[in-house]
J.: 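Okay, here's the structure, questions in a sec.
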Amino acid sequence: MFYCLTAAVIVAGNAAHAQVVPSTPPVYPPPAPMASDTLTANQVGEAQRYAVPSVIGMGPSKGVVAHLEALGNFNIKSDLRDREPNEKSENTVIKNRRAFIKAYAPILNRPRVKLILGLNYDREEFKFEDPDRSAFYRNLEDKGLKTIGAQLAVVRPIDEVRWYLARVKGELNGDYTSSELSVADYLKLSGEFIYGWKRSPYYAWGVGAQLGYTFGRQSLYPVILYNRTFNPRWGVESLFPARVTVRRNVNPKTLLFGGYTVDGLNYNIKLREPLGNLRTLIIRQTEAKFRLRAEREIYDFLWFGLEGGYRYNYSFNAFDEDSNRRNLFGLGGGNRDKTVVNTLGGAPYVSVELFLVPPRSLIRKLAK
């Protein structure tokens, strides 16, 4: 079960005094990880006795999420470098759809430690206006690119101010079927560690590092978490540089969001039609989404999400396995290692989501 630029960096200084908020926004159990799968909050409810990265005003915790996303048509220009001379082609992607189902559940819920298990299944498909223009397009046409993943996250309050969280995740990414699955060929690993401070019920921040595929290939990069509710209507939820989101609390049943996310995808695929001597490719994609999102309660434990915006494709390139290994160890030669270099146009997108949250009776019980 497994699938998501401009930003201002807000760096919190030394201890800020607790902010006085005129009236209290609605209180929910802290939210689950977003589409990028980065854990930004304790998902199982927490009294304010111990510090956690979530703040008052965030939306309800997501237990099960079903998501469907579609993009408008966009152009693709390809340069196949396994041929002499290089083969250049151009096409239009007339379908690029993504869907996923995710589920999160606490397997340990104690005041001083929370252990959360996450499972997901993602699927992506491409369809081209004229796939016969290139062997690369024919190899991607209507191919089911899948992600099956599991993650384990720990949220550890240290005291009333300090906290840390850690997450490890494994994914099987590619076009495999159950009969031909080889874990060694398709496994991708990622993780993160963040250490933070809870300055008030409305303000938490932290610093740490992530190891993952957000920027295409596997890399280690620093992160800054900044969650703050400024007043009963406005707040910020961010894990810079991967995402920054401004939140608007319309009422207890309606939330609006605006901002950006950076997502990285990495697939191993077997070629139907060999490219020269190659029979497998590794596709790495990095994209930025500038988005507006609305979440609305339908009935107690059932919520609906609607999101739209513009997707900018930073890269969408293919590597053979040998060049991919060289890049993993920092030995790559940039574009010279790329078997297929693609330039993708941007496109508008829209997504819909249904998700289950804890019922109000459970929220009241946890709050006692």
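Note that this is a predicted model, so its numbers are computed, not measured. Computed over heavy atoms, backbone and side chain alike; hydrogens, waters and symmetry mates excluded.
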J.: With salt bridge (Lys or Arg N to Asp or Glu O under 4.0 Å) as the test, would you mind laying out the steps for Glu125 and Arg97 before giving the verdict?
T.: CA-CA 6 Å; Glu125 292 182 355; Arg97 291 181 182 170; over 6 Å; no

J.: Ignoring hydrogens and geometry, is there a side-chain-to-backbone donor-acceptor pair from Asn227 to Pro53 under 3.5 Å?
T.: yes

J.: Here's a test for you: under salt bridge (charged side-chain N to carboxylate O under 4.0 Å, His left out), which of Arg311, Arg291, Arg123, Lys289 qualifies with Glu69?
T.: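 Looking at Arg311, Arg291, Arg123, Lys289, the match for Glu69 under the salt bridge (charged side-chain N to carboxylate O under 4.0 Å, His left out) is Lys289.
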
J.: Are any non-hydrogen side-chain atoms of Tyr176 and Asp185 less than 4.5 angstrom apart?
T.: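 They are not in contact (no side-chain heavy atoms under 4.5 Å apart), so the answer is no.
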
J.: Does any donor atom in the side chain of Gln285 or Asn313 lie under 3.5 Å from an acceptor atom in the other side chain?
T.: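 Yes, side-chain donor-acceptor contact under 3.5 Å.
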
J.: If we ignore hydrogens and angles and just use 3.5 Å, is the side chain of Ser238 paired with the main-chain N or O of Tyr226 as donor and acceptor?
T.: yes

J.: Students often mix this up, so state it plainly: with edges at 30° and 60°, are the rings of Tyr260 and Phe290 parallel, tilted or perpendicular?
T.: tilted

J.: Ignoring hydrogens and angles, tell me if any N or O in the side chain of Arg112 forms a donor-acceptor pair with the backbone of Ile158 under 3.5 Å.
T.: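 Confirmed, Arg112 side chain pairs with Ile158 backbone.
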
J.: Are Tyr299 and Phe304 grouped together when hydrophobic residues (ILVMFWY) are joined by side-chain heavy atoms under 4.5 angstrom apart?
T.: yes

J.: Hey, any chance Phe257 and Val250 share a hydrophobic cluster, counting ILVMFWY side chains that come within less than 4.5 Å of each other, even indirectly?
T.: no

J.: Could you report the tightest heavy-atom contact between Asp175 and Lys270, atom names first, then the distance?
T.: OD2-N, 3.0 Å

J.: Of Arg98, Glu353, Glu307, which meets side chain to side chain donor-acceptor pair (under 3.5 Å) against His67?
T.: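 The single option meeting the side chain to side chain donor-acceptor pair (under 3.5 Å) with His67 is Glu353.
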
J.: Identify the two heavy atoms, one from Ser89 and one from Tyr137, that lie closest to each other, and give their separation to 0.1 Å.
T.: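 Answer, listing the atom of Ser89 first, then Tyr137: OG-OH, 3.3 Å.
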
J.: Within the 4.5 Å heavy-atom criterion, are Asn96 and Phe74 side-chain neighbours or not?
T.: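 Yes, side chains in contact.
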
J.: Given side chains that start at C-beta, do those of Asn91 and Val93 come closer than 4.5 Å, heavy atoms only?
T.: no

J.: Check for me, please, whether Val350 and Trp303 land in the same ILVMFWY cluster - side-chain distances under 4.5 Å, paths through other members count.
T.: no

J.: Would Lys102 pass as a cation-pi partner of Phe100, given that its NZ or CZ must be under 6.0 Å from the six-membered ring centre and within 45 degrees of the axis?
T.: yes

J.: Rounded at 0.5 Å granularity, tell me how far CZ in Arg293 sits from OG in Ser351.
T.: 6.0 Å

J.: Quick check on the 6.0 Å ring-centre criterion: do Trp197 and Tyr195 meet it?
T.: yes

J.: Cation over ring, Arg284 on Phe319, under 6.0 Å and within 45°?
T.: yes

J.: Apply the test side-chain contact (heavy atoms from CB on, under 4.5 Å) to residues Val155 and Trp163: give CA-CA distance (whole Å), side-chain angles for both, the deciding distance (0.1 Å), then the verdict.
T.: CA-CA 8 Å; Val155 181; Trp163 54 267; 5.8 Å; no

J.: State whether the side chain of Asn268 and the backbone N or O of Gly174 hold a donor-acceptor pair below 3.5 Å, judged by distance alone.
T.: no

J.: As an exercise, state the distance from CE of Met58 to CG of Leu255, rounded to the nearest 0.5 Å.
T.: 11.0 Å

J.: Any sub-3.5 Å donor-acceptor pair from Lys198's side-chain atoms to Ser54's backbone N or O?
T.: yes

J.: With the 4.5 Å side-chain cut-off for hydrophobic clustering, are Ile194 and Tyr221 part of the same group?
T.: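 In one cluster: yes.
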
J.: Under 6.0 Å from the CZ atom of Arg279, do we count more than 12 heavy atoms belonging to anything else shown?
T.: no

J.: Taking the side chain as every heavy atom from C-beta outward, state whether Leu302 and Leu356 have any pair of such atoms under 4.5 Å apart.
T.: yes

J.: Between Leu354 and Ile298, is there a side-chain heavy-atom distance shorter than 4.5 Å?
T.: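 Touching, per the 4.5 Å side-chain cut-off.
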
J.: Taking the side chain from Asp79 and the backbone from Val341, do they hold a donor-acceptor pair closer than 3.5 Å?
T.: no

J.: So, does Arg272 use its side chain to make a donor-acceptor pair with the main chain of Arg138 at under 3.5 Å?
T.: yes

J.: Measure the shortest side-chain to side-chain distance between Gln151 and Leu119 over non-hydrogen atoms and say whether it is less than 4.5 angstrom.
T.: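 SC-SC contact between Gln151 and Leu119 ruled out.
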
J.: Please report the closest heavy-atom contact between Val65 and Phe355, naming both atoms and the distance.
T.: CG2-CB, 3.9 Å

J.: For Asn249, is there any backbone N or O sitting under 3.5 Å from a side-chain donor or acceptor partner on Arg233?
T.: yes

J.: Do Arg133 and Phe128 come close enough that some side-chain heavy atom pair is under 4.5 Å?
T.: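 Not in contact.
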
J.: Looking at every heavy atom in both Glu87 and Ser134, which two are closest together, and how far apart are they?
T.: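 Looks like OE2-OG, 3.5 Å.
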
J.: Measure the spacing between CG of Asn139 and OG1 of Thr280 and express it to the nearest 0.5 Å.
T.: 11.0 Å

J.: Quick one: closest heavy-atom pair of Pro241 and Pro222, and the distance?
T.: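 Closest approach of Pro241 to Pro222: CD-O, 3.5 Å.
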
J.: Would you compute the distance between atom CG of Leu344 and atom OG of Ser78 and round it to the nearest 0.5 angstrom?
T.: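 Between Leu344 CG and Ser78 OG, I get 7.5 Å after rounding to 0.5 Å.
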
J.: Enter the distance from Ile283:CD1 to Thr339:OG1 here, rounded to the nearest 0.5 Å.
T.: 10.5 Å

J.: Counting N and O atoms only, with roles assigned by atom type, does the side chain of Thr92 sit under 3.5 Å from a partner on the main chain of Ile94, one being a donor and the other an acceptor?
T.: no

J.: Donor-acceptor pair, Glu192 side chain versus Leu165 backbone, under 3.5 Å?
T.: no

J.: For the NZ atom on Lys95, are there more than 12 heavy atoms of other groups (residues, nucleotides or ligands in this structure) within a distance under 6.0 Å?
T.: yes

J.: Report the C-alpha distance between Leu271 and Ile269 in whole Å, list the side-chain angles of each, state the deciding distance to 0.1 Å, and finish with yes or no for side-chain contact (heavy atoms from CB on, under 4.5 Å).
T.: CA-CA 6 Å; Leu271 302 177; Ile269 65 171; 4.1 Å; yes

J.: Does one hydrophobic cluster hold both Leu68 and Leu71, with members joined at side-chain heavy-atom distances below 4.5 Å?
T.: no

J.: Search all heavy atoms of Ala294 against all heavy atoms of Leu256 and return the closest pair with its distance.
T.: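 Here Ala294 and Leu256 meet closest at CB-CD2, 3.6 Å.
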
J.: May I have the step-by-step check of side-chain contact (heavy atoms from CB on, under 4.5 Å) for Leu265 and Phe316, ending in yes or no?
T.: CA-CA 9 Å; Leu265 303 170; Phe316 185 81; over 6 Å; no

J.: Do the non-hydrogen side-chain atoms of Phe126 and Lys143 ever get within less than 4.5 Å of each other?
T.: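 Counting from C-beta outward, Phe126 and Lys143 never come under 4.5 Å.
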
J.: Mind running side-chain contact (heavy atoms from CB on, under 4.5 Å) on Glu90 and Asp130 for me, showing each step along the way?
T.: CA-CA 9 Å; Glu90 187 173 349; Asp130 184 3; over 6 Å; no

J.: Any chance you could measure Leu115, atom CG, to Arg156, atom CZ, to the nearest 0.5 Å?
T.: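 That separation rounds to 12.5 Å.
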
